[in-house]
**Student:** 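I'd like to ask some things about the structure below.
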Amino acid sequence: MNREIALRIIKKKLPFTEVHCNANQVIAAQGSEIEFIYYLKKGWTRHSVVSDQGKESIFRICAPGEFIGLTTLFKSGLFPITATSLTPCDLRAFNKNSLESFLLKHPHIMSVFLAELGDRVLKLQELKLAADQQDAFRKVKDLLVHFADVFGTDLPNGKLIPFNLTQQVIADFLGLSRPRVSICLKSLLETGHIKRQDRYYVVPYFAPLEL
């Protein structure tokens, strides 16, 4: 069974609540009770965790068509992350207990969810490994290229990242300071590795090979 068929069955068989969020609104907070699994219909979200020392680290951007909270399935406890809207978002909230019961009765659909979780883990590991092996300039460049490849909208001159990436969001995602990210972005803009269109970054199709 493919993902599209599994989603159609879930939407048809399970009740859900329509949720709308404005930009920069918390959808699910780290440490809160786990009540819902969210399906993102429209908009973009960022997922982060706060360490015991109070430092926030962003580790994922969620795109339309993805689920928020899959890792909480068949687990008890509190929500392990904070999901925040980057843009205005429309979501469908499925009751966690109802979704778990449904998946247990339909293992062929559950296998689709497990495969999606596995893909996420591999992508995060690849991104972290690449970031650990690079300097700050290349980390910032490759993060923007990654977002453009995965989420980008085609323009005549490149791929536009369709959500506003602030310097602080990039810094939190990569574990860099905001001033360091500011210097990197300035250099990348000056050398033509990235461009700006209003509030958004564009990664050109043909960028310089070297920083």
Side-chain angles (χ1 to χ4, degrees), residues 23-24 26-28 30 40 43-71 80-87 89 116-155 157-211:
N24 300 314
V26 173
I27 299 165
Q30 181 178 346
L40 184 58
W44 304 81
T45 65
R46 63 180 176 90
H47 298 178
S48 61
V49 293
V50 177
S51 68
D52 293 337
Q53 292 72 40
K55 179 175 175 57
E56 182 184 34
S57 298
I58 299 172
F59 64 91
R60 176 172 165 75
I61 301 292
C62 192
E66 298 188 55
F67 279 91
I68 299 169
L70 278 186
T71 57
I81 67 167
T82 294
T84 306
S85 57
L86 279 170
T87 65
C89 293
E116 183 172 331
L117 281 173
D119 289 341
R120 287 187 187 182
V121 171
L122 288 174
K123 288 177 182 178
L124 286 172
Q125 288 176 338
E126 290 170 358
L127 188 61
K128 185 179 186 304
L129 178 62
D132 288 345
Q133 296 174 343
Q134 296 168 353
D135 61 26
F137 286 93
R138 196 164 295 277
K139 285 181 181 181
V140 173
K141 180 178 77 71
D142 284 357
L143 181 68
L144 295 176
V145 169
H146 171 75
F147 285 151
D149 287 343
V150 176
F151 308 122
T153 301
D154 287 319
L155 298 176
N157 62 331
K159 284 197 169 186
L160 180 143
I161 300 171
F163 45 83
N164 184 24
L165 277 173
T166 65
Q167 293 178 5
Q168 191 61 58
V169 166
I170 296 172
D172 291 340
F173 204 104
L174 294 174
L176 301 171
S177 68
R178 193 197 61 76
R180 184 58 173 161
V181 169
S182 178
I183 293 171
C184 293
L185 290 171
K186 184 174 183 293
S187 177
L188 292 169
L189 287 165
E190 289 174 348
T191 56
H193 283 84
I194 59 174
K195 299 182 182 297
R196 290 299 297 262
Q197 181 167 309
D198 298 324
R199 297 179 300 157
Y200 307 109
Y201 289 106
V202 175
V203 176
Y205 291 125
F206 302 102
L209 295 179
E210 300 296 334
L211 288 172

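Residue numbers run from 1 in the order of the sequence given.
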**Student:** Between side-chain atoms of residues 161-174 and protein atoms elsewhere (two or more places apart, or another chain), which donor-acceptor pairs fall under 3.5 Å?
**Tutor:**
residue: Thr166; atom: OG1; partner: Val169; partner atom: N; Å: 3.1
residue: Gln167; atom: OE1; partner: Arg178; partner atom: NH1; Å: 2.6
residue: Gln168; atom: NE2; partner: Asp172; partner atom: OD1; Å: 3.0

**Student:** Look only at the side chain of Gln197 and the backbone of Leu160, and say whether a donor-acceptor pair between them is shorter than 3.5 Å.
**Tutor:** no

**Student:** Taking side chain as C-beta onward, heavy atoms only, is Leu185 less than 4.5 Å from Leu144?
**Tutor:**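 The answer is yes; the side chains approach within 4.5 Å.
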
**Student:** Taking all non-hydrogen atoms of both residues into account, name the closest pair between His47 and Ala83 and its distance.
**Tutor:** CD2-CB, 3.8 Å

**Student:** In Å and rounded to the nearest 0.5 Å, what is the NZ to OG1 distance from Lys141 to Thr191?
**Tutor:** 9.5 Å

**Student:** Give, for atom CZ of Arg60 and atom CD1 of Ile81, the distance between the pair rounded to the nearest 0.5 Å.
**Tutor:**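 So the CZ of Arg60 and the CD1 of Ile81 are separated by 8.5 Å.
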
**Student:** With sequence neighbours left out, write down each residue that passes salt bridge (charged side-chain N to carboxylate O under 4.0 Å, His left out) with Arg180, or none if nothing qualifies.
**Tutor:** none

**Student:** Report yes if some heavy atom in the side chain of Val202 is under 4.5 Å from a heavy atom in the side chain of Lys159; otherwise report no.
**Tutor:**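 A side-chain contact is absent here, since even the closest heavy-atom pair is not under 4.5 Å.
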
**Student:** Could you go through Arg196 and Tyr201, starting from their C-alpha distance and side-chain angles, then the distance that decides it, and tell me whether this counts as side chain to side chain contact (heavy atoms under 4.5 Å, CB included)?
**Tutor:** CA-CA 5 Å; Arg196 290 299 297 262; Tyr201 289 106; 3.1 Å; yes

**Student:** Please confirm whether the backbone N or O of Trp44 pairs with a side-chain atom of Thr87, one donor and one acceptor, at under 3.5 Å?
**Tutor:** yes

**Student:** Show, in sequence, the C-alpha distance, side-chain angles and deciding distance for Val140 and Leu176, and conclude whether the side chain to side chain contact (heavy atoms under 4.5 Å, CB included) test is met.
**Tutor:** CA-CA 9 Å; Val140 173; Leu176 301 171; 4.1 Å; yes

**Student:** Determine the minimum heavy-atom distance between Glu66 and Ile61, stating which atoms define it.
**Tutor:**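 Looking at all heavy atoms of both residues, the shortest contact is OE2-O, 4.5 Å.
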
**Student:** Return the SG to CG distance between Cys184 and Asp135, rounded to the nearest 0.5 Å.
**Tutor:** 7.5 Å

**Student:** Passes side chain to side chain contact (heavy atoms under 4.5 Å, CB included), Val50 versus Thr82? Steps please.
**Tutor:** CA-CA 8 Å; Val50 177; Thr82 294; 5.5 Å; no

